[in-house]
Amino acid sequence: MTVHNSEIAVLFDRLADLLDIEGANPFRVRAYRNAAQMLRGHPRDMDSLIKQNEDLTELPGIGKDLAEKIKTIVETGKLPALQEVEARTPGVLSDLMKIQGLGPKRVKALYKNLGIRSIDDLRRAAASGRIRELEGFGAKTEQMIHERLEHFTGKEQRTRLFEAEAVVNSLLEHLRRHKGVKDVTVAGSFRRRRETVGDLDILVTAKKGADVIDHFVKYDEVAEVISKGTTRSTVHLRSGLSVDLRVVPQVSYGAALHYFTGSKAHNIAVRTRGVKKGYKINEYGVFRKDKRIAGRTEEEVYESVGLPYIPPELRENRGELEAARKGKLPELITVKDIRGDLHCHTNATDGHHTLKQMADAAAERGYEYMSINDHSRHVTVAHGLDKKRLLEQIRAIDKINEKLEGFTVLKSIELDILEDGTLDLPDGVLKELDLTVCSVHYKFNLSRSRQTDRILRAMDNPYFNILAHPGGRLINERDPYPVDMEKVARGALERGCFLEVNAQPSRLDLTDEDCKMVKEMGLRVSVATDAHSTSNLDLMRFGVDQARRGWLEKGDVINTRSLRELKKLLKRK
DNA sequence: GCCGTTTTCGGCCCGACTGTTTTCAGTCG
């Protein structure tokens, strides 16, 4: 049974919460939280690192003690240090910390004075009016707790990036309508292009902050004003998203943008570098004593700590500072590098447009090639292609290609990987294709080892080229199926196959961590839209964003190659 | 608990907003 990084992270976070409540050294608490965060963003499972005898203390924020604790968790599934603390302090108190406005001190006071341990206890206490009697609490705090509890579900809901984009545009228009507003920028995880955002962080430069904030909270989508000062404000929108607005003077724009883009861990690391040079870095600038020495642009901020500019997508404290220091930052892929789309459907199955329409749309976007990948017969709901219909499509593509100049439609398919690892159509027809994209569409509930074997067996077929949406997840809708992605990637590398970064914004599959993992392995990927309509071809930018977050460069992505080079790459040994 | 071209000990990012306080603690990002 493999213990995953996220499970180790949960234990560390819980221990951090309980130690925090007990009033332990806050830096010790932070060490556990940092470790948890590092683990969540690490591309490879600790389990596999330990098996390969790698030194865990090489990982950022992991010393001798935490390395031992990780080993213990991987071997036993348990963290004895947590069990010791839980003997003194109930573990469920950690749940109370998840309520916005309740931190370690208040949770401790509620527990010590009112015996509140669980969310249910807290509900009863808030309803009975006992909380306001506590020292340091009052009627407003009790009311706040009462209201937060009404919407509390226990799990954090993040909004998918493309949905956040839809919300943000009209809000930006509203802000720009105010005369005092100069620059408006969306920062935070939105700017880092994370697949989901927790809230929207918007930075505005203006002389009079208070006026802008007054204008901001009057936006007609605002459901509730959480806080409102002269330089920052937080609101909840009707859509459910929260928005943080921050107003700074123009001279602080770069420092503020850096601060507000995050991630938090990246900021701390940069500021710590500043401290070592005798600087203080905050959202207003870089200061030596009280003198501002930088801050108008982000470049200036990085320069002040001796680093080149680091693109937002890399700012997760996953090694980007070290890479920057050594001059080894990746030259991230851009949308312009993409020369073709290698996963597109037509109305022959579940797409909305004809072969001709799709080809024209791809050519209009400046591509040199595209592949047509309709479903195979197993996907009956999409009226998947059997051998006969595929052969008809192949002939249709040949006809279209005769008429096109400087653009080629590649003959392909999205082939189902059957439960036993065979492919859904016979080799006799697959050999007529330029490439295949293969995917798992059913039997998601196999064990991790069986799912992994199923995919590897499929890759043994010499006509297998690209594994589509390798994890099978739908963000916020369906978890990925259990699979050993590292083993799958290694299998692909050994066999001359590739993995896909599916650009559908609800898929974004491979994940950013997995992109980084396969890059370090030397495996290349295809970034493709899985377009089901002509307009879907424009989703490419989301896939490229994800690839950038995974440190991918042009050379790591096969559909940045010319058609000739691509065909060479696709030839299996 | 981590970490080191100032350090193996003594630091550890920094500021805004709220509520309960009469100057600040708690929380958040």
Side-chain angles (χ1 to χ4, degrees), chain A residues 12 15-16 19-21 23-38 56-70 81 96-110 131-145 148 187-189 197-203 209-210 213 225-235 242-248 252 255-256 258-287 295 301 305-306 317 322 325:
Chain A
F12 282 168
L15 180 55
L19 289 173
D20 212 356
I21 292 165
N25 176 354
F27 298 106
R28 185 174 164 223
V29 172
R30 202 170 79 185
Y32 283 113
R33 295 229 165 91
N34 284 345
Q37 203 198 7
M38 184 281 296
L56 299 186
T57 65
E58 295 284 307
L59 298 166
I62 303 298
K64 217 173 142 209
D65 182 89
L66 283 175
E68 274 309 310
K69 286 191 165 82
I70 291 171
L96 300 183
M97 295 262 292
K98 293 185 175 58
I99 294 164
Q100 203 185 16
L102 289 190
K105 300 283 163 48
R106 284 176 179 156
V107 168
K108 184 178 186 177
L110 291 165
I131 290 175
R132 70 178 73 183
E133 309 294 336
L134 285 180
E135 196 184 330
F137 289 73
K140 281 198 169 175
T141 305
E142 184 178 85
Q143 181 62 20
M144 179 271 293
I145 291 172
R148 300 279 154 84
S189 44
V197 300
D199 59 11
L200 288 171
D201 300 300
I202 298 180
L203 176 69
I213 303 252
V225 178
I226 302 299
S227 74
K228 177 174 176 287
T230 54
T231 68
R232 73 180 300 167
S233 169
T234 302
V235 301
S242 325
V243 185
D244 277 358
L245 182 79
R246 190 70 205 255
V247 188
V248 297
S252 299
H258 181 258
Y259 154 75
F260 224 25
T261 297
S263 65
K264 192 175 170 177
H266 175 89
N267 285 352
I268 290 176
V270 170
R271 287 178 176 189
T272 303
R273 267 185 83 87
V275 168
K276 283 175 187 156
K277 289 184 177 289
Y279 304 151
K280 183 177 71 170
I281 302 177
N282 59 29
E283 55 266 54
Y284 298 109
V286 180
F287 297 86
V301 175
V305 294
N317 204 26
E322 202 192 358
R325 190 168 55 80

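Any value given below was found using the heavy atoms of this structure, including those in side chains, with hydrogens, waters and symmetry copies removed. Model, not experiment: these values are computed from the prediction. Per chain, numbering begins at 1; letters A, B, ... match sequence-line order.
To the nearest whole angstrom, the two C1' atoms, one in B/dG29 and one in B/dC13, are 12 Å apart. Comparing the same atom, C1', in B/dT22 and in B/dT18 gives a spacing of 16 Å after rounding to whole Å. Using atom P as the reference point in both B/dT20 and B/dT8, the two lie 47 Å apart (nearest Å). B/dC12 and B/dC17 are spaced 25 Å apart, taking the P atom of each and rounding to whole Å. Spacing of C1' atoms, B/dG10 relative to B/dT6, comes out at 13 Å, to the nearest Å. Separation of the P atoms belonging to B/dA16 and B/dG11 is 25 Å when rounded to the nearest angstrom. Across B/dG26 and B/dT21, the matching C1' atoms stand 12 Å from one another, rounded to whole Å.
Heavy-atom distances to DNA chain B give each of A/P104 and A/I226 a nearest nucleotide, and the one nearer the 5′ end belongs to A/I226. Between A/R106 and A/S233, the residue anchored closer to the 5' end of DNA chain B is A/S233, taking for each the nucleotide with the nearest heavy atom.
Put simply, the side chain of A/L203 does not reach to within 4.5 Å of the side chain of A/Y259, judged on heavy atoms. When side chains are defined from C-beta on, A/F260 does not count as touching A/V248, because their heavy atoms never get closer than 4.5 Å.
Taking CE of A/M38 as the start and CG of A/N317 as the end, the distance is 10.0 Å to the nearest 0.5 Å. Atom CE of A/M144 sits about 10.0 Å away from atom CD1 of A/I226, to the nearest 0.5 Å. Between the CD1 atom in A/I99 and the CD1 atom in A/I145 there is a gap of 7.5 Å [rounded to 0.5 Å].
We find that NZ of A/K98 is positioned 12 Å from P of B/dC28, with the value rounded to whole Å. Across the protein-nucleic acid pair, A/L15 atom CG and B/dG1 atom P stand 9 Å apart, rounded to whole Å. In this structure, the CD atom of A/E142 is 10 Å from the P atom of B/dT20, given to the nearest Å. Atom CG in A/N317 sits about 16 Å away from atom C1' in B/dG29, given to the nearest Å. Rounded to whole Å, atom P of B/dT20 lies 11 Å from atom CD of A/Q143. When rounded to the nearest whole Å, the span between NZ of A/K108 and P of B/dA25 equals 16 Å. Summarising the geometry, the separation between CZ on A/R33 and C1' on B/dG29 is reported as 14 Å, rounded to the nearest angstrom. In this structure, A/L102 places its CG atom 17 Å from C1' of B/dG29, rounding to the nearest Å.
Across all strands shown, B/dC28 pairs with B/dG15; the Watson-Crick or G-U wobble distances both stay below 3.5 Å.
Syn is the classification of B/dT7, since its glycosidic angle stays within 90° of 0.
Looking at heavy-atom distances under 4.0 Å, A/A139 makes contact with sugar-phosphate atoms alone, never a base. Within 4.0 Å (heavy atoms only), A/I99 reaches sugar-phosphate atoms of the nucleic acid but no base atom.
A donor-acceptor contact shorter than 3.5 Å is absent between the side chain of A/S227 and the backbone of A/S233. No donor-acceptor pair closer than 3.5 Å links the side chain of A/R132 to the backbone N or O of A/E142.
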Could you run down the sub-3.5 Å N/O contacts of the protein with nucleotides 12-16 of chain B?
unit_1, atom_1, unit_2, atom_2, d
B/dC13, OP1, A/R30, NH1, 2.7
B/dC13, OP1, A/R30, NH2, 3.2
B/dC13, OP2, A/R30, NH2, 2.8
B/dC13, O2, A/R271, NH1, 2.4
B/dC14, O4', A/R271, NH1, 3.1
B/dG15, OP1, A/K280, NZ, 3.1
B/dG15, OP1, A/N282, ND2, 3.0
B/dA16, OP1, A/Y284, OH, 3.0
B/dA16, O3', A/T231, OG1, 3.2

Please write out each protein N/O paired with an N/O of nucleotides 2-4 of chain B under 3.5 Å, distance rounded to 0.1 Å.
unit_1, atom_1, unit_2, atom_2, d
B/dC2, OP1, A/G63, N, 2.6
B/dC2, OP1, A/G63, O, 3.4
B/dC2, OP1, A/L66, N, 3.2
B/dC3, OP1, A/G61, N, 2.9

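Contact annotation: A/T141 side-chain N/O to B/dT20 OP1/OP2 distance is under 4.0 Å.
The side-chain hydrogen bond (donor to acceptor under 3.5 Å, both in side chains) analysis of residues 271-281 of chain A, with sequence neighbours excluded, yields no pairs. Within the structure, the side-chain hydrogen bond (donor to acceptor under 3.5 Å, both in side chains) test picks out the following pairs touching residues 26-36 of chain A (sequence neighbours left out): A/D17-A/R33, A/D20-A/R33, A/Y32-A/K69.
The salt bridge (charged side-chain N to carboxylate O under 4.0 Å, His left out) search around A/D244 returns A/R232, not counting sequence neighbours. Under the rule for a salt bridge (charged side-chain N to carboxylate O under 4.0 Å, His left out), the partners of A/E322 that lie at least two apart in sequence or sit in another chain are A/K326.
Checked against B/dG1, B/dG19, B/dC28, the side chain of A/Q100 finds its nearest nucleotide in B/dC28.
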